[in-house]
Engineer: 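Just passing along the structure, written as structure tokens.
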Amino acid sequence: QVQLVESGGGLVQAGGSLRLSCAASGRAFSRYAMGWFRQAPGKEREFVATITWSGGDTYYGHSVKGRFTISRDYAKNTVYLQMNSLKPEDTAIYYCAATGYSGSTYPVRSYRYNYWGQGTQVTVSS
């Protein structure tokens, strides 16, 4: 079992930055690839970013590539999402997730993930 708790959400003006954190507890955090997803009201959950269990590889959704950065700190059992140049369309609840998936493709589908946090709200004002 892995428990995930997100933090760092809030209200920010367009063009600003936020850093989300996801603290993991439980077994073998380092064995899981980690991902961030988001869901806006009335929309489907959207893939944002993922990082491999080794931390050596990352992959981003098209809408955030070049603006967001995912990283992980093994000593703190934490994964981060640095969000820069925020836009109003980035407004959503952001979820952290963990997966044991080790296939040849990046885990961009939510069904690949075994564990989820409760989410943190990010609101970007125009």
Engineer: Minimum heavy-atom separation for Ala24 to Val2, with atom names?
Structural biologist: CB-CG1, 4.3 Å

Engineer: As an exercise, state the distance from CZ of Arg112 to OG1 of Thr99, rounded to the nearest 0.5 Å.
Structural biologist: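 Answer rounded to 0.5 Å: 8.0 Å.
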
Engineer: State plainly whether one hydrophobic cluster holds both Phe29 and Trp53, where clusters connect Ile, Leu, Val, Met, Phe, Trp and Tyr through side-chain heavy atoms under 4.5 angstrom apart.
Structural biologist: no

Engineer: Could you pull out the closest heavy-atom pair between Leu11 and Ser125, with the gap in Å?
Structural biologist: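 Closest approach of Leu11 to Ser125, heavy atoms only: CD1-CB, 4.3 Å.
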
Engineer: Tell me whether Val124 shares a hydrophobic cluster with Val64, the cluster being built from Ile, Leu, Val, Met, Phe, Trp, Tyr side chains joined at under 4.5 Å.
Structural biologist: yes

Engineer: Do Val122 and Thr91 come close enough that some side-chain heavy atom pair is under 4.5 Å?
Structural biologist: no

Engineer: Taking only residues at least two apart or on different chains, which pairs with a member in residues 11-21 satisfy salt bridge (Lys or Arg N to Asp or Glu O under 4.0 Å)?
Structural biologist: none

Engineer: Determine, stepwise, if the pair Thr58 / Thr50 fulfils side-chain contact (heavy atoms from CB on, under 4.5 Å).
Structural biologist: CA-CA 6 Å; Thr58 58; Thr50 186; over 6 Å; no

Engineer: My understanding is that only residues two or more places apart in sequence, or in another chain, count here; which of them pass ring-ring contact (aromatic ring centres under 6.0 Å, His included) with Phe37?
Structural biologist: Phe47, Tyr113, Trp116

Engineer: About how many Å separate OG1 of Thr69 and CE of Met83, when rounded to the nearest 0.5 Å?
Structural biologist: 11.0 Å

Engineer: For residues 81-126, which residue pairs pass the disulfide (SG to SG under 2.5 Å) check, not counting sequence neighbours?
Structural biologist: Cys22-Cys96

Engineer: Excluding sequence neighbours, so at least two apart, what forms side chain to side chain donor-acceptor pair (under 3.5 Å) with Ser17?
Structural biologist: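 Asn84.
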
Engineer: My understanding is that only residues two or more places apart in sequence, or in another chain, count here; which of them pass ring-ring contact (aromatic ring centres under 6.0 Å, His included) with Tyr106?
Structural biologist: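 Per chain and number, Tyr106 pairs via ring-ring contact (aromatic ring centres under 6.0 Å, His included) with Tyr59.
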
Engineer: Please identify each residue that fulfils ring-ring contact (aromatic ring centres under 6.0 Å, His included) with Tyr60, with sequence neighbours left out.
Structural biologist: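 Tyr60: no ring-ring contact (aromatic ring centres under 6.0 Å, His included) contacts found.
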
Engineer: Below 4.5 Å, heavy atoms only, C-beta onward: do Val12 and Thr123 meet side chain to side chain?
Structural biologist: no

Engineer: Should we say atom CD of Gln118 is surrounded by more than 12 heavy atoms from elsewhere, each under 6.0 Å from it?
Structural biologist: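 Atom CD in Gln118 is crowded, with more than 12 foreign heavy atoms closer than 6.0 Å.
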
Engineer: For the atom pair CE (Met34) and CD1 (Ile70), what is the distance rounded to the nearest 0.5 Å?
Structural biologist: 7.5 Å

Engineer: Can you name the residues that form a side chain to side chain donor-acceptor pair (under 3.5 Å) with Thr105, not counting sequence neighbours?
Structural biologist: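 Listed in chain order: Tyr101.
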
Engineer: Is there any disulfide (SG to SG under 2.5 Å) pair reaching into residues 33-69, and which pairs are they, with sequence neighbours excluded?
Structural biologist: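 Not a single pair qualifies under disulfide (SG to SG under 2.5 Å).
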
Engineer: Is there any ring pair (Phe, Tyr, Trp, His ring centres under 6.0 Å) pair reaching into residues 66-98, and which pairs are they, with sequence neighbours excluded?
Structural biologist: none

Engineer: Mind checking side chain to side chain donor-acceptor pair (under 3.5 Å) for Ser63 and listing every partner two or more places apart, or none if nothing turns up?
Structural biologist: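 Ser63 satisfies side chain to side chain donor-acceptor pair (under 3.5 Å) with Arg38, Glu46 once adjacent residues are dropped.
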
Engineer: Could you tell me the separation between the CZ atom of Arg45 and the CD1 atom of Ile93, rounded to the nearest 0.5 Å?
Structural biologist: 8.5 Å

Engineer: Does anything in residues 53-74 form a salt bridge (Lys or Arg N to Asp or Glu O under 4.0 Å)? List the pairs, not counting sequence neighbours.
Structural biologist: Arg67-Asp90

Engineer: Of all heavy-atom pairs between Thr78 and Ala23, which one has the smallest distance, and what is that distance?
Structural biologist: OG1-CA, 4.0 Å

Engineer: Name all residues meeting the side chain to side chain donor-acceptor pair (under 3.5 Å) criterion together with Thr52; count only those two or more places apart in sequence or in a different chain, and write none if there are none.
Structural biologist: Ser54

Engineer: Roughly how far, to the nearest 0.5 Å, is the OG atom of Ser110 from the CD atom of Gln39?
Structural biologist: 9.0 Å

Engineer: Please lay out, stage by stage, how Ser25 and Gln3 fare under the test side-chain hydrogen bond (donor to acceptor under 3.5 Å, both in side chains).
Structural biologist: CA-CA 5 Å; Ser25 60; Gln3 293 81 41; 3.2 Å; yes

Engineer: For Ser126 and Ala14, work out which heavy atoms get closest and say how close.
Structural biologist: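 Residues Ser126 and Ala14, closest heavy atoms: CA-CB, 4.4 Å.
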
